[in-house]
Colleague: 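Structure incoming, see below.
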Amino acid sequence: MQLLCETSPDWLKLALERFDEVLVDHAHCEKKAAAHALSMLAAFPDVPGLPRAMARLAREEAGHLAKVLALLESRGLSLGRDGGDPYAQALRALVRQPPAERLLDQLLVSALIELRSRERLQLLADNLPERHLRDFYEELAQAEAGHGSLFLRLARKVAPDGLEERLAVLAAAEARFVRELPVRAAIH
Ligand SMILES: [Fe+2]
Ligand SMILES: [Fe+2]
């Protein structure tokens, strides 16, 4: 699956200039990814395979969080308050509420967010000046690609009805948000 637009070079420029802020936001992203995986488990306890997949994902995201927090500490930065993520909020607002639709939409929105995160972490991996940071982001970008596939695979298995049509709608909205929301010194 492909995202429908590429991140603008303005984002990369800002992210490299204000990398410390991006790093703090990145920690919040990993925190929310772990929490979101557990909230999926809580919301859909009877969907075959979903609770276990989400438990494993939560553990992996919490591992990423611990690594990003260690990096923050090594740079004398603290986590601070979560300033929010307008991009993810805009996408989550598109999730429909009836249970079957909600399951499909949550999985597809999660897949899109993971894939956008992968794209941006890869841009950091390719462009940060320090070798250890490049390696770190390379590894995390690969993980996010895996998570994008996990959510899509789960969606195909547990909520296949109308999937392709809905994915087209949500992917178009995702690309619109990426183009229209202000560029921030943040992962999204
Ligand atoms: Fe992660
Ligand atoms: Fe992830």
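The structure presented is a predicted model; accordingly, all values stated were derived computationally and were not measured. Start at 1 and go down the list; that is how both ligands and their atoms are numbered.
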Colleague: Of all N, O or S atoms in Glu114, which has the smallest distance to the Fe ion (ligand 2)?
Modeller: OE1
Colleague: Check whether Leu112 and Trp11 end up in the same hydrophobic cluster, where Ile, Leu, Val, Met, Phe, Trp and Tyr are linked by side-chain heavy atoms less than 4.5 Å apart.
Modeller: no
Colleague: Consider only side-chain heavy atoms of I, L, V, M, F, W and Y, link residues closer than 4.5 Å, and tell whether Leu124 and Leu65 are in one cluster.
Modeller: yes
Colleague: Could you check, using the six-membered ring where one of them is a Trp, whether Tyr137 and His26 have ring centers closer than 6.0 angstrom?
Modeller: yes
Colleague: Would you call the rings of His36 and Phe151 parallel, tilted or perpendicular, where under 30° means parallel and over 60° means perpendicular?
Modeller: tilted
Colleague: So does His147 have any N/O/S atom less than 2.8 Å away from the Fe ion (ligand 1)?
Modeller: no
Colleague: Is the Fe ion (ligand 1) less than 2.8 Å from at least one N/O/S atom of Glu30?
Modeller: yes
Colleague: To 10 degrees, how wide is the angle OE2 (Glu144) to the Fe ion (ligand 1) to ND1 (His64)?
Modeller: 100°
Colleague: Closest to the Fe ion (ligand 2), which N/O/S atom of Glu61 is it?
Modeller: OE2
Colleague: Near Arg96 CZ, under 6.0 Å, is it more than 12 heavy atoms from other residues, nucleotides or ligands?
Modeller: yes
